[in-house]
Amino acid sequence: TMNDDGDMASVMGFSGFGKKARTFDLDAIFEHTRRTAIERSQLRSGCKYLRIVFSFLFRKHESDSSHDSDTDTELIGPPVPHQNTAQDDDDDDELVGPPLPPGYTGSTAHCEDEDEDDQEGQDDDDDNPVKKIPDTHEITLQHGTKTVSALGLDPSGARLVTGGYDFDVRFWDFAGMDQALQAFRSLQPCECHQIKSLQYSVTGDVILVVSGNAQAKVLDRDGFNVMECVKGDQYIVDMANTKGHTAMLNCGCWHPKIKEEFMTCSNDGTVRTWDLNSEKKHKSVFKPRSLQGKKVTPTCCTYSRDGKLIAAGCQDGTIQIWDRNLSVHTKFHCRQAHTPGSDTSCLSFSYDGMTLASRGGDDTLKMWDIRNFRKPVNAATGLTNYFSMTDCCFSPDDKLLVTGTSVKRDEGSGKLVFFDRATFQRVYEIDVTDASVVRCLWHPKLNQIMVGTGNGLAKVYYDPVKSHRGAKLCVVKSKPKKKQAETLTQDYIITPHALPMFREARQRSTRKQLEKDRLDPKKSHKPEPPVSGPGRGGRVAAHGGTLSSFIVKNIALDKTDDSNPREAILRHAKDASENPYWVAPAYKQTQPEPVFAEESDEDEESNKEPEWKKRKI
């Protein structure tokens, strides 16, 4: 009000706070927005309706003109423009949208033909699984010089872990690598034991490490120890009464659904499941048995895709499958799956869960239907296998089966072989390297194939179009160039409140420091060349690590008078007697005068040589 403004002006010196703030009615704004949206949607639907009506009338006019029918149908709406007759004959399909302008001779039919060809080609690619194999490009990761016996890729495909016969486990990060392709971490988690198997858990936060000892380990993503399984008592006969394995491990894998559970098999004749939270004792024990009921050694093990079944391949050639919750009797049992005495190197379930593939040490690859487990559905022979961990795996679309072949040194190249699952024909193969192909892994998300070889290489095959992320991330990054001018020579201590006389000069870069060092006569002095020969002037040529060699190196040796050692010793005698410095001054007060006896005539005669010696005999 005016009175209030007057009081404010008299008290505070001003009459108001400027312009009044605008007030917004949110309900009115929302209602206006809703009406606008309704009107636009009605307009869009009206345009669509008109387009459909025009196309319908246009097709009706075409059909009437093509059949030369004398109908007196009355057209509603604007007259339909005349179209090209050649185009009328070709256009048998439905047209969507407004009619084309008169005289238009576009490439509609041509585009339709191209679309049909593309659709046919796409159908061919869908029907032919070989076209989906990502093998146009490859990168090579140098793990070491010995066999890469284990490969593991996390579920997201960001990190690869490799293990080998050189006891090393190396971590590779695709997003962090450049074209140098260097591992960001290398460690030996099991000391001097060969790595048998590596696998990420279903969540990708921990890694199961199975090596040649009796205790499996679990590491985190950065390689730090999370858990180590307990070792059992090897003097107990019944392996079910021990807390852990008592002999060398052969294989291990994670449960596909439960992130804390994993499984291992060992030469002690048992398959054990473990819980990540209880490392003091196993969870359950499965004991494979032969036909006579004797203990047999499992060489590989795996879970089914749903995690309800546990399968193990044994040294007597059998494949035994248990229900995960019933560890006494087998649910499925194949007595003569592979040759007895050969190590079944891998078991792999298909993605649909009904088919099991087995890679045998008898140079075969077999495919089984576990519902009819007596004989294989298909089998392939002549696939040489020298390793107890040679892999086989299914493609992400479940249409191909992949495995590797082994070769001896300088006797050919190891191959990655692809079989059609339906016909089991050898449809494709890749020459990997001049060594055996041990491990193979086809990641479903990345659509990339990882291969471990017998000469220490881990190869990644990918296609820039069909593959995603993974190796495509690191091949585009160039190696960083080292900039010498930006590196400091030594640590610089900043003391802003020190006096100028104690303050260190700030080092900008190595280039300026090198220019200063060039002007310094001591720092720019040419280093002396190594000594060749026995040494001179306190410098010794070759010396060992013993104390005597160290003393000899630090004593000033001067061998200028090697020709006459007596003169070299007595050359300081005169100076020492005339100007004593070391020993004589210390005993000057107490040193007696030397008194020498004079030589007598009798001594002279005694010193003479006897006459009989002078005579000649």
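Predicted model only: the values in this text are computed from it and were never measured.
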### Message
I need the full list of salt bridge (charged side-chain N to carboxylate O under 4.0 Å, His left out) pairs touching residues 289-303, with sequence neighbours left out, sorted by first then second residue.
### Response
none
### Message
When you compare the side chain of L181 with that of Q142, does any pair of heavy atoms fall below 4.5 Å?
### Response
no
### Task
Measure from the side-chain N and O atoms of H143 to the backbone N and O of L457, and report whether any donor-acceptor pair falls under 3.5 Å.
no
### Message
Looking at D369 and R371, is there a salt bridge between them, counting it only when a charged N and a carboxylate O are closer than 4.0 Å?
### Response
yes
### Task
Could you check R159, R185, R221 and say which one makes a side chain to side chain contact (heavy atoms under 4.5 Å, CB included) with D173?
R159
### Message
Between Q194 and F167, is there a side-chain heavy-atom distance shorter than 4.5 Å?
### Response
yes
### Summary
Separation between CG (L400) and CG (D420), nearest 0.5 Å, reads 6.5 Å
### Message
Can you classify the ring geometry of Y165 versus F387 as parallel (below 30°), tilted (30 to 60°) or perpendicular (above 60°)?
### Response
tilted
### Contact check, side chains of P464 and T136, non-hydrogen atoms, under 4.5 Å
yes
### Message
For G157, is there any backbone N or O sitting under 3.5 Å from a side-chain donor or acceptor partner on K445?
### Response
no
### Message
So, applying side chain to side chain contact (heavy atoms under 4.5 Å, CB included) with I430, which one of V417, V437, L416 is it?
### Response
L416
#### Entry: Nearest atoms (heavy-atom pairs only) where A471 meets V460
CB-CG1, 3.9 Å
### Message
Just so I know, are the side chains of V202 and H255 near enough to count as touching, which here means a heavy-atom distance under 4.5 Å?
### Response
no
### Task
Mind listing the closest non-hydrogen atom pair of S413 and V407 along with its distance?
O-CG1, 3.6 Å
### Query
Counting only heavy atoms not in Q336, do more than 12 sit closer than 6.0 Å to its CD atom?
no
### Query
Taking atom CG of D168 and atom CG of L187, what is their separation to the nearest 0.5 Å?
8.0 Å
### Query
Taking the inter-plane angle between the rings of W274 and H245 on a 0 to 90° scale, is it parallel (under 30°), tilted (30 to 60°) or perpendicular (over 60°)?
tilted
### Task
Kindly determine whether D362 and T339 satisfy side-chain hydrogen bond (donor to acceptor under 3.5 Å, both in side chains), including the steps that lead there.
CA-CA 6 Å; D362 53 356; T339 305; 3.1 Å; yes
### Query
If you draw a 6.0 Å radius around NZ in K283, do more than 12 non-hydrogen atoms from other residues or ligands fall strictly inside?
yes
#### Entry: Check: R439 side chain, A458 main-chain N or O, donor-acceptor pair, under 3.5 Å
no
### Query
A312 and L347: which non-hydrogen atoms are nearest, and at how many Å?
C-CD1, 3.6 Å
### Task
Decide yes or no for I310 and Y303: does some side-chain heavy atom of the first lie under 4.5 Å from some side-chain heavy atom of the second?
yes
### Task
Would you check if I449 and P134 make a side-chain contact, meaning some heavy-atom pair closer than 4.5 Å?
yes
### Query
Counting N and O atoms only, with roles assigned by atom type, does the side chain of D268 sit under 3.5 Å from a partner on the main chain of T246, one being a donor and the other an acceptor?
yes
### Query
Between S201 and T203, is any side-chain donor less than 3.5 angstrom from a side-chain acceptor?
yes
### Query
Is it the case that more than 12 heavy atoms not belonging to K472 sit under 6.0 Å from its NZ atom?
yes
### Query
To the nearest 0.5 Å, what is the distance between CE (M177) and CD1 (I139)?
5.5 Å
#### Entry: Plane angle bin for F286 and W322 - parallel if under 30°, tilted between 30 and 60°, otherwise perpendicular
tilted
### Query
Does the R272 side chain pair with the main chain of G244, one donor and one acceptor, at a distance under 3.5 Å?
yes
### Task
Measure across S358 and H338 and return the closest heavy-atom pair with its distance rounded to 0.1 Å.
OG-NE2, 2.8 Å
### Trace of the side-chain contact (heavy atoms from CB on, under 4.5 Å) decision for V161 with Y200
CA-CA 9 Å; V161 59; Y200 277 90; 3.6 Å; yes
### Query
Considering all heavy atoms of both residues, which atom of T433 and which atom of N455 are nearest to each other, and what is their separation?
OG1-ND2, 3.2 Å
### Query
Does NZ belonging to K375 count more than 12 external heavy atoms closer than 6.0 Å?
no
#### Entry: Side chains of T390 and N385, donor plus acceptor under 3.5 Å
yes
### Summary
Taken to the nearest 0.5 Å, the spacing of Y462 OH from D135 CG works out to 12.0 Å
### Message
How long is the straight-line distance from CG of D316 back to OG of S290, given to the nearest 0.5 Å?
### Response
6.5 Å
### Query
Can you tell if the side chain of C440 reaches within under 4.5 Å of the side chain of C393, non-hydrogen atoms only?
yes
### Query
Does D398 reach the main-chain N or O of S350 with its side chain, forming a donor-acceptor pair under 3.5 Å?
no
### Query
Can you tell me how far SG of C229 sits from CD of Q215, rounded to the nearest 0.5 angstrom?
8.0 Å
### Task
Using atom types as modelled and distance alone, determine if a side-chain donor or acceptor of W254 lies under 3.5 Å from a backbone N or O of Q199.
yes
### Message
Looking at S406 and Y386, would you say the former's side chain and the latter's main chain have a donor-acceptor pair under 3.5 Å?
### Response
yes
### Message
Determine whether W442 and F418 satisfy the following criterion, side-chain contact (heavy atoms from CB on, under 4.5 Å), listing intermediate values before the conclusion.
### Response
CA-CA 12 Å; W442 196 335; F418 297 81; 3.7 Å; yes
### Task
Ignoring hydrogens and angles, tell me if any N or O in the side chain of T264 forms a donor-acceptor pair with the backbone of G252 under 3.5 Å.
no
#### Entry: Residue pair I321 / A311: nearest heavy atoms and the distance that separates them
CG1-CB, 3.8 Å
### Task
Check step by step if side-chain hydrogen bond (donor to acceptor under 3.5 Å, both in side chains) holds for T344 and T299.
CA-CA 6 Å; T344 303; T299 57; 4.7 Å; no
### Task
State whether the side chain of K217 and the backbone N or O of P189 hold a donor-acceptor pair below 3.5 Å, judged by distance alone.
yes
